[in-house]
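What follows is a single structure, written as C-alpha cells, with notes after it.
Quick caveat, the model's predicted, so the values are computed rather than measured. Within every chain, numbering begins at 1; the chains are lettered A, B, ... in the order of the sequence lines, protein sequences first and strands thereafter.
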Number of protein chains: 2
Amino acid sequence: MAVTIKEVARVAGVSTATVTRALSSPEVVRPATRERVREVAASLGYHPNRAARGLITGRTGNLGLLVPDLANPFFPSIVKGVQGRAHEADHAVFLADTDEDPAAEAGLVRKLAKQVDGMVLCSPRMAEAELRELAAEVPTVLVYRRIPGVPSVTAEFLDGMRQAVSHLVALSHKKIAYVAGPRSSWANRERVRSLRAVTRKSEVELTEFGNVAPQFHGGVSVADSVLASNVTAVIAYNDLVALGLLHRFAARGVSVPGDISVLGFDDIPLAEMVHPALTTVALPKEEAGQAGVDLLLDRKPAVRRELPTQLMVRGSTGPAR
Amino acid sequence: MAVTIKEVARVAGVSTATVTRALSSPEVVRPATRERVREVAASLGYHPNRAARGLITGRTGNLGLLVPDLANPFFPSIVKGVQGRAHEADHAVFLADTDEDPAAEAGLVRKLAKQVDGMVLCSPRMAEAELRELAAEVPTVLVYRRIPGVPSVTAEFLDGMRQAVSHLVALSHKKIAYVAGPRSSWANRERVRSLRAVTRKSEVELTEFGNVAPQFHGGVSVADSVLASNVTAVIAYNDLVALGLLHRFAARGVSVPGDISVLGFDDIPLAEMVHPALTTVALPKEEAGQAGVDLLLDRKPAVRRELPTQLMVRGSTGPAR
DNA sequence: TTGAAAGCGTTACCAC
DNA sequence: GTGGTAACGCTTTCAA
C-alpha cells in the first residue's frame, strides 16, 4: 500500500491540512513545522496521489500527446521535446499513436480528454471542422498544423522552400520535381503552396508527382516515374520519401547527385547516415514539442508560433548535369 | 463542466448506485431500469471520471512505459507495441524518456507509479537491487532485461547469435570482431556471453572492441581500430553502431562486403534503407511491447517470455576475402 | 499558524 | 433490485 498524506500527518504529528500546505504552499506554514513535515514526507517516500488531487483542483497535471506514427523518425524527436518540457513543468504525458488513421484520432483524443489538462496534437490528419470541435472540448495546441482560432506551433515552410529552391537554382537546375505526400496532410499542402509560390517567380519549371505515403516505400514507388521525366532535381515531401528515391536510384545505377539531385524535408537523424548524405530542410522538432507544451501551460489563447527552418546542404545535391 | 453520475441519476430518477450498476454490472439491475439509465447516460454524454473511479477501485486503467531514448530507432517500435495493445485493453499509456540517464529512472517510475496499474520498463539501465525494490512497489514488467523474480520479455539472444555466427562461418570467415555496447547494458552483456559461448565451440577466432555508445557515432569511432585488426567480419552491438561502421568504412574506401562483412543486431527500419543493406539479427520489437502489456494485465507472477530472433541476410555480409 | 471538516466523482457495502 | 452512505486521497474553506 502506498503511503498517504494521513500517514505523513500522523508521523509528523500534524493535520493533513498542514501536510498539504507544507508541500504546496510552503510560505504559509511555520519554517520549523514545514521542515519537519518535509523530512517525514521524504523519509516515508510520500508522493501525492495526483488523481485524488485532480479530483478537487480540476487540474490533473497530465498532458496528452497524439502522433500519427511513431515509426516515422520525425515524430520521436517531437515526443522527446514534449516529454522533456512537460516533466520540467512537473506534468506527465499520455502518448497515443494513431497509426496514420485519421478516423481514430478524435476517439483517442476524447478518451484522454478527461484525464489531461490539455492535448498536443501532432500533425493531426482529421478534418478542420472536427479539429475545431475537439479544441472546444479540451485545451488544445496543434503542432505542424494550423487552423484559425487554435493555438499552433509550425515552421516557416515558405522560407525553407525558398532556401531549397535558391540552392537548386544556384546549381543551375531548371526543371525540378516535387513528390507529394498524403493529400490529408496539412504539411504537404503547405509545401506545395510554398513551392508553387516560390517557383512562380523564378525560371524554374515544376513537375509534381504523387501523392505517396510519407514513408520509405512511398519514395521507392515513385522513383521510376521521376526518372522518366526530364527533371534534374527532385524535392521530396519528407526525408523518408527522399531516402526511398535515393534507394531506388542507386538500384537503377543512377548517380546522385551526378544524374539527379535529391532534396528532402525534416532533417531526420538518418539523413546524415546515408551515402550520399541527404540535403534537406531542417525543421525544428524538439523545439516544436517544447513550444507546444509552453503554449498549453501558459494558456495564451490562439497564439501562433512559427519556428525557423534551415537548409542543410549535404552530398545529395550538386550541379545540374 | 463535465456531466457526472449524479446528474444522470437525477434525470433517470434513480440513485447513483443504480447508475453505476447499470453501467458496470448490467446483470444485477432490472432490464427496464438498466435501459432507461443507459439511454439517459448516452443522451447526456456521460463518461465516468476515471480518476475518481481509480481512487476507490485501486485500478486506474493506465499503464506507464519507460524508455532510455526514444531517438534510438529501436524503441519507437516497442512503444508502438505497448501503446497498441494497451489501447485494445482500454488502457492509456504514460510515456517517460530518461535520456539514457540511469539516475533518472527510479524517480520517474515512482512519480508515475500511483497513477498506473503497472509499469513496463524498457531496457532499464539501473542497478538490479533498485529495480527489484521498484518491482515490489508497483507491478512491473521488464522488456529486454531479465532479473530473477520479475516478469520479463526478452529475446533468444543465444539462438540469434548462433544464426549470425553460422552465417559468417558458412561464408568462410575465421576471424571476427565484436564491437561492444555500453557496459551497463544487460543486452550487451547477454550478447557477449552468447557470442563467447557460440565461438568457443567453433574454429572462429573472436576479437572484442569497445565499449562504445550504442549510437551511430559509437560505430564511427571504433571503425578504424577494427580495420587495423585482421578480422574479415564484424558483429556490432546494434544496428546503429553497425551503420556507423559502414559509414566510416565507406569514407575510408573500404568495400563492404568485399573487404569486410558487417552484421548488426535489432533490425531497425534503417537497416534496409542503406547501401549495402545491413545484415542483422532481427529482434521482436512490437511483439515484445505487446507481450509486456499482456504480462502486466494478466498478472501472472514472475513469467519470463523469450521471443524468437531471426537473422536477416542482406548485402553487408559476403564471402571472406 | 494550525486543525476540523466538507467535498471532488466514483464505487462498495449494507440495509431494506 | 434498489437506495443510502462510507470511503478512496487530497485540497480548500472556515474557525480557532
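- For the pair B:H47 NE2 and C:dT11 P, the interatomic distance rounds to 14 Å; values are reported in whole Å.
- DNA chain D is contacted by both B:R30 and B:K114; B:R30 maps to the nucleotide lying nearer its 5′ end (nearest heavy atom per residue).
- Salt bridge annotation for B:R85-B:E286: absent, with no cationic side-chain nitrogen under 4.0 angstrom from a carboxylate oxygen.
- With respect to the salt-bridge test (charged N to carboxylate O, under 4.0 angstrom), the residues B:R132 and B:E137 do not qualify.
- Counting only heavy atoms from C-beta on, A:V29 has its side chain closest to C:dT2 among D:dC8, D:dC10, C:dT2.
- Between the CZ atom of B:R36 and the P atom of D:dG1 there is a distance of 15 Å, rounded to whole Å.
- Note that the CG atom of B:N238 and the CG atom of B:N188 stand 9.5 Å from one another [nearest 0.5 Å].
- For the pair B:T20 and C:dT10, the criterion of a side-chain N or O lying under 4.0 Å from OP1 or OP2 is not met.
- Atoms CG and OG, on B:L142 and B:S123 in that order, are 9.5 Å from each other to the nearest 0.5 Å.
- Atom CZ of B:R38 has more than 12 heavy atoms from other residues, nucleotides or ligands within 6.0 Å.
- Checked against C:dT11, D:dC10, C:dA5, the side chain of A:T4 finds its nearest nucleotide in D:dC10.
- Considering CE of B:M119 and CG of B:L66, their distance stands at 5.5 Å, rounded to 0.5 Å.
- Summarising the geometry, atom CD belonging to A:E287 is positioned 7.5 Å from atom CG belonging to A:L307; distances are rounded to the nearest 0.5 Å.
- Close to C:dT2, at under 4.0 Å from its OP1 or OP2, lies a side-chain N or O of A:T33.
- Summarising the geometry, the separation between CD on B:Q115 and C1' on D:dG9 is reported as 13 Å, rounded to the nearest angstrom.
- As a whole-Å value, the separation of B:E7 CD from C:dG9 P is 11 Å.
- Put simply, the side chain of B:R21 and the base of D:dG3 share a donor and an acceptor less than 3.5 Å apart.
- With axes fitted over five pairs at each extremity, the angle between the ends of the helix from C:dT1-D:dA16 to C:dC16-D:dG1 is 40° (10° resolution).
- Between the P atom of C:dT2 and the CZ atom of A:R10 lies a distance of 20 Å, rounded to the nearest Å.
- Atom pair A:I5:CD1 and C:dA4:C1' shows a separation of 14 Å (rounding to whole Å applied).
- B:R36 CZ: more than 12 foreign heavy atoms inside a 6.0 Å radius.
- Against DNA chain C, the stretch residues 49-59 of chain A makes heavy-atom approaches under 4.0 Å through A:L55, A:I56.
- Taken to the nearest 0.5 Å, the CZ atom of B:R53 stands 11.0 Å off from the OG1 atom of B:T60.
- Residue B:S15 places no side-chain N or O under 4.0 Å from the OP1 or OP2 atom of D:dG4.
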